[in-house]
Amino acid sequence: MNNYEAVLIFKPELTDDARNELFNTFKGIIEENGEVTNVDEWGKRKLAYEINFISEGYYYIVNFKAKGDHIKELERRLRLSDQVLRYMVIRKED
């Protein structure tokens, strides 16, 4: 398994319960075929540029271990979610 880091930016108007439920959904997707090693919740931050007239986002940084083919499924589900503004998954060097 490889080490990965994902940055997830959710829409700022989500309630705490909705945001936690959404995050737990994506965390569950990772844990289906991988292992979450660290979650860093940055909270609401100003975006570098507006996305569809939205100037803030709620940030999560997730470090995890997974196989390469599992990343495609995670990214597909992130892309389909209307509540995710942006995401980025990178492979970390060992």
Side-chain angles (χ1 to χ4, degrees):
M1 289 202 293
N2 299 318
N3 291 321
Y4 291 93
E5 180 176 83
V7 178
L8 309 176
I9 306 174
F10 295 156
K11 289 188 175 178
E13 68 266 7
L14 288 173
T15 64
D16 289 341
D17 292 336
R19 187 177 53 250
N20 288 334
E21 182 179 332
L22 183 64
F23 177 72
N24 287 333
T25 300
F26 291 120
K27 187 176 173 186
I29 293 168
I30 293 170
E31 290 175 340
E32 285 175 4
N33 294 315
E35 172 190 349
V36 174
T37 56
N38 187 29
V39 175
D40 191 12
E41 186 175 344
W42 281 12
K44 195 180 288 189
R45 302 251 175 141
K46 185 168 173 53
L47 298 173
Y49 56 91
E50 286 189 0
I51 302 170
N52 297 329
F53 304 104
I54 298 173
S55 62
E56 290 184 326
Y58 201 91
Y59 285 72
Y60 285 97
I61 311 297
V62 183
N63 293 305
F64 62 97
K65 293 181 180 183
K67 294 188 177 184
D69 56 345
H70 184 62
I71 301 303
K72 289 182 182 179
E73 177 64 17
L74 173 64
E75 288 182 335
R76 184 186 73 82
R77 292 190 189 179
L78 284 165
R79 194 175 317 110
L80 291 175
S81 176
D82 292 334
Q83 303 305 319
V84 176
L85 283 175
R86 288 285 188 265
Y87 67 89
M88 182 171 53
V89 180
I90 59 168
R91 182 173 174 217
K92 295 172 71 175
E93 293 295 323
D94 294 332

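All residue numbers refer to positions in the sequence shown, counting from 1.
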*If you look at every heavy atom in K46 and Y59, which pair is closest and at what distance?*
O-OH, 4.1 Å
*Give the minimum heavy-atom separation between P12 and G57, together with the two atoms involved.*
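Result for this residue pair: CD-CA, 4.4 Å.
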_Show me the pairs that pass salt bridge (charged side-chain N to carboxylate O under 4.0 Å, His left out) and involve residues 7-17, at least two apart or across chains._
D16-R19
*Decide whether L47 and F53 are clustered together by the hydrophobic rule: side chain heavy atoms of Ile, Leu, Val, Met, Phe, Trp, Tyr closer than 4.5 Å, transitively.*
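Per the 4.5 Å side-chain linkage, L47 and F53 are not co-clustered.
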*Apply side chain to side chain contact (heavy atoms under 4.5 Å, CB included) to E93 and list each qualifying residue two or more places apart in sequence or on a separate chain.*
none
*Measure across Y4 and A66 and return the closest heavy-atom pair with its distance rounded to 0.1 Å.*
CE1-O, 3.4 Å
*What is the distance from atom CD of E50 to atom CG of L85, rounded to the nearest 0.5 Å?*
11.5 Å
Show which side-chain atoms of residues 67-82 pair as donor or acceptor with protein atoms under 3.5 Å away, not counting sequence neighbours.
residue : atom : partner : partner atom : Å
H70     : ND1  : N33     : ND2          : 3.4
H70     : NE2  : I29     : O            : 2.8
E73     : OE1  : R76     : NE           : 3.2
E73     : OE2  : R76     : NH2          : 2.9
E73     : OE2  : R77     : NE           : 2.7
E73     : OE2  : R77     : NH2          : 3.2
S81     : OG   : Q83     : N            : 3.4

_CG on L22 to CG on L8, rounded to 0.5 Å_ =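 One finds 8.5 Å between CG of L8 and CG of L22.
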*State whether the number of non-hydrogen atoms from other residues, nucleotides or ligands found under 6.0 Å of M88 atom CE is greater than 12.*
no
*N24: partners by side chain to side chain donor-acceptor pair (under 3.5 Å), with sequence neighbours left out*: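 N24 satisfies side chain to side chain donor-acceptor pair (under 3.5 Å) with no residue once adjacent residues are dropped.
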*Please list all pairs passing the ring pair (Phe, Tyr, Trp, His ring centres under 6.0 Å) test where one or both residues lie in residues 15-34, with sequence neighbours left out.*
F23-Y60
*Evaluate the side-chain proximity of I9 to I51: yes if any heavy-atom separation is below 4.5 Å, no if none is.*
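A side-chain contact under 4.5 Å is absent here.
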*I30 side, atom CD1; K65 side, atom NZ - distance, nearest 0.5 Å*: 14.0 Å
N/O donor-acceptor pairs under 3.5 Å from side chains in residues 37-44, not counting sequence neighbours:
residue : atom : partner : partner atom : Å
T37     : OG1  : N63     : O            : 3.0
D40     : OD2  : W42     : NE1          : 2.9
E41     : OE2  : Y58     : OH           : 2.4

_Y87 and V62: CA distance, side-chain angles, deciding distance, side chain to side chain contact (heavy atoms under 4.5 Å, CB included) verdict_ = CA-CA 11 Å; Y87 67 89; V62 183; over 6 Å; no
